[in-house]
Structure formats: structure tokens, C-alpha cells
Amino acid sequence: MKKQILGLVVVALCLGSLNSKAQSKAIDGSILAPTPPMGWMTWNYFADNINEKDIREMADAMVSSGMLKAGYDHVFIDDGWQGGRDKRNNIIADPVKFPSGIKALADYVHSKGLKLGIYSDAAPLTCAGYTASLNFEEQDAKTFASWDVDYLKYDYCGAPDDMEIAKTRYKKIADALRKSGRDIALGICEWGDRKPWLWAGQVGGQLWRTTADVRDKWKNTKPVKTRGELHSGGAGILDIVDYSQDYASSAGPGHWNDLDMLVVGLYGKEGPSGALGGVGCNDIEYQSQMSLWCIMNSPLAATNDVRNMNAETKRILLNEEAIALNQDALGKQAVCKIKNENWSVFVRPLANGDHAIAILNRAGTTQNAKINFAELGLNGEYEIRDLWQHKGIGKGKKWNGKVLSHETKLFRLKKV
Ligand code: GLA
């Protein structure tokens, strides 16, 4: 009996230590990325056809559209900004795309109250074939710091499969960023292939992608049986939710599961998210992506054209009640309590003692939900607030109602 208890304790301790807790702090000792980073990312809209004029316009639109006010406070430059290295091996921006340089762009976005993210890769070249940072980690980190960059997305194309090598390469860039003298949050992007939820926080990352690149589609038409099939078949919104929900315990302030970019408002646009079956989603599905990314604490990187948003896209991206879940100080990722062919139901606690729940209809038709809160571990009576209707919808111990195909109901529950 004693032996059995000891065994259980050892297993519990091992499981605990496997979780990827945050290691790197901000210079002032506080947690770096205490809530999931938010912003707008260049990749799905522009691919590598980026330039300073378009990025400045997007920054302006982030302010005028209300995105910044809602919390989207980063402009993340993705792949395609690099112009090689100078005579002293300093990484430089493409002089045609960025004639004023990255420092001037950083100054511009900072003057608007935004932060700047940049991109590199743990190999000689990036995914799109541009100059990357392997063996130049300290030099590049210093350069990024001298440009006043606030965030680095660090990709893994062209790097070996091995998990230990990945850990070493990510630790090297994390250490270099820390030595640079500036707080630069690190987004690890090796697509979940080496289980980063187990180690990425420990080597110094603030977030890590959990899957292959998101495509602008609801889900794969063929069932995805292996993680590799997400790369070849393309990851839809539902595929990413299903592949990310198991790692909830690894997330917390300063160490987040990154479910990849929001495709809200792209409507099947040609480009990276339009590849591999990315035919576009409807607004109900985009609203579900927002609901699920919020309740699951994913970083929120919009990728639509912020300069031209229709009313639905604005309504979805600017839902401050949904964003409040995402940015909740407790930082607890929702867990999936009910999962079957027709439903996924998530629940998470919030800092003020409330709970949030998300009820997703996975089926192809409208269904009636019958959710007893006790089934979700929530005993007693609750006031229910609908975070898409922005109003209280009564109180009770359960919720019964219609959920459209692929719709997600998002509720905040307050115990009465
Ligand atoms: C990889 C990443 C994407 C994007 C591209 C850029 O595919 O997963 O998010 O950064 O590279 O080339």
C-alpha cells in the first residue's frame, strides 16, 4: 500500500515537472507576457509581400478601428522582411521593402501606442527562404533590441527533427534575447511537433504553437488521424481545437499554448491561409474561432485587412467581453469537459470567481443543447450572461437552447 502511494506521488511529481512553466522574466522581475499577446500579424494577408507603407497603414487602422483599444497592441511582422547581412554580418531589412528601416517602423508603431514583433528562424534560412538566425543568435538579438523590437516569432523550418536540438536552439535565442537588455517576448513556432508544451516555457519561450499552420477552413474533410496529417491536409479551426485541448495544464501567465493566427474576416482570401483547402468560413464559424481562442487562452493575432473590415468582422474581433476571458489575470486555459461527435463543452475559472463556458455544436445541423452545469463541475445556481448577445439571460443550474451548426455559445456564469 505504502509503495503504491509512493508510486502515485512520483508519477504526480513527474507530470508536474513535465509541464512547461515560464522561466524567463522581464527585466524588472515581472512576468513577461502575463496575459496572451494580442495584435495583428502580416502573414495571412500579405504573405512575404510586405513593406513599410502597408504596415504603417495597418498600424493606423489598428488605432482608428478600435483594435488597439480592444487590446490588440502588437503589429507582428512575419516572414519576408529580411534583406540578408551586411559586411559585419548584422542582419538587415530588405532596403526596397523597408527603405526607412525597422527602427523607424518601431518608432512609428510605438508612437501610436503599439508594439512591434519581428520574425526569424532557428536555421540558416526561414520557411520562405529568407536570412535567419542560426549561429547569429546573440548578434541578431542585439540588433532586434537596438531596433526596439518587443517580440520575436522564431520558426523552425530547415532545422533538425530532434527534440533535444530544438530545445537547445530555442534556449540559445531565449538566452540571447535576455542578454540583449530589452524585454523581447519569444514565440516558439515548431508546430507542436516536438511537444513544446512540455519544455518551451522552461527554455525561455512565452508561447508556443501547438499545431501546423491554420488554414481558413472549419475542418479537414478527411478525418485527421495523426499530427503529421495536419501539415499535409491543412489545419482547420476545429482540428486545431481538438489537437490543442489536451495541453491546458501547461498554459498560464507567461507561458501560453498558441493556437495560431485568427482567420476571422479572411473569407477564403488567396494566400497562406487559403492553401490546403482554405476556402473560407462563414461568420458563425469565425465567431466560434474567436470564442474558442478566447476561452482557451490562445494569443490573438488577427490577420485580416484591418483597413477594410465589414461589420461582422468588427463585431467578432472587437468583442471585449470575449477578450476579457482571454486576458483574464488567472490565465487558466479552459478544459474540455464534454466531447462527442456533436458537442464540445469547455469550462474555465476566472480571476473574480466567475466561470466561463463555451458550448460548441460540432454537427452539420442546428441542435438543442441541454447542459447541466453540475456536469461541468459547477454545482449550485448561476446567473448566466451571454457574451455574444451582451446581456444576462436568466439564472439557473442548467442551460437549454438552440445552437446553430458550428456555432459556439459563450457564457459567463456568476454563482448566486
Ligand atoms: C511557417 C509558420 C507560419 C509563417 C510562415 C512564414 O509556416 O508556421 O506561421 O510564419 O512559416 O514563412
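Atoms within a ligand are numbered from 1 in the order they appear, just like the ligands themselves.
Numbered from 1 in the order shown, with element, the atoms of ligand 1 that lie under 4.0 Å from a heavy atom of A128 read 12 (O). Of all atoms in ligand 1, numbered sequentially from 1 with element shown, those under 4.0 Å from a heavy atom of R209 are 8 (O), 9 (O). Below 4.0 Å from some heavy atom of Y119 lie the following atoms of ligand 1, by number and element: 6 (C), 10 (O), 11 (O), 12 (O). Atoms of ligand 1 found under 4.0 Å from any heavy atom of M261, numbered from 1 in the order shown, are 9 (O). For ligand 1 and W191, the ligand atoms under 4.0 Å from any heavy atom of the residue are 2 (C), 8 (O). Using a 4.0 Å cut-off to heavy atoms of C189, the atoms of ligand 1 that qualify are 2 (C), 8 (O).
Contact annotation for A212 and ligand 1: no heavy atom of the residue comes within less than 4.0 Å of the ligand.
Of all protein heavy atoms, the one closest to atom 12 (O) of ligand 1 is D79 OD2, 2.8 Å. Residue, atom and distance of the protein heavy atom nearest to atom 10 (O) of ligand 1 are D78 OD1, 2.7 Å. Atom 3 (C) of ligand 1 has D213 OD2, 3.5 Å as its closest protein atom, hydrogens excluded (heavy atom only).
By the 4.0 Å N-to-carboxylate-O rule, D258 lies too far from R209 to be salt-bridged with it. Electrostatic pairing of K225 and E229 does not count as a salt bridge here, judged by no charged N lying under 4.0 Å from a carboxylate O. One finds a salt bridge joining E407 and K409 here, because a Lys/Arg side-chain nitrogen approaches an Asp/Glu carboxylate oxygen to under 4.0 Å. A salt bridge links D242 with K339; the closest basic N to acidic carboxylate O contact falls under 4.0 Å.
In this structure, K269 satisfies the cation-pi test against Y45, with its NZ or CZ atom closer than 6.0 Å to the six-membered ring centre and inside 45 degrees of the ring normal. Judged by a 6.0 Å distance limit and a 45° cone about the ring axis, R85 is positioned over the six-membered ring of F136.
Inclusion of K153 in the set of residues having an N or O under 3.5 Å from an N or O of ligand 1 is warranted.
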- Message: Show, in sequence, the C-alpha distance, side-chain angles and deciding distance for D175 and K179, and conclude whether the salt bridge (Lys or Arg N to Asp or Glu O under 4.0 Å) test is met.
- Response: CA-CA 6 Å; D175 290 349; K179 262 179 83 175; over 6 Å; no
- Would you sort out whether R385 and E321 count as a salt bridge (Lys or Arg N to Asp or Glu O under 4.0 Å), showing the intermediate values? CA-CA 10 Å; R385 183 169 174 84; E321 292 196 89; 2.6 Å; yes
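No heavy atom of T126 sits closer than 4.0 Å to any atom of ligand 1.
Closest to atom 1 (C) of ligand 1 by heavy atom, among D155, T303, T211, is D155.
Side chain of S405 to backbone of T366: no donor-acceptor contact under 3.5 angstrom is found.
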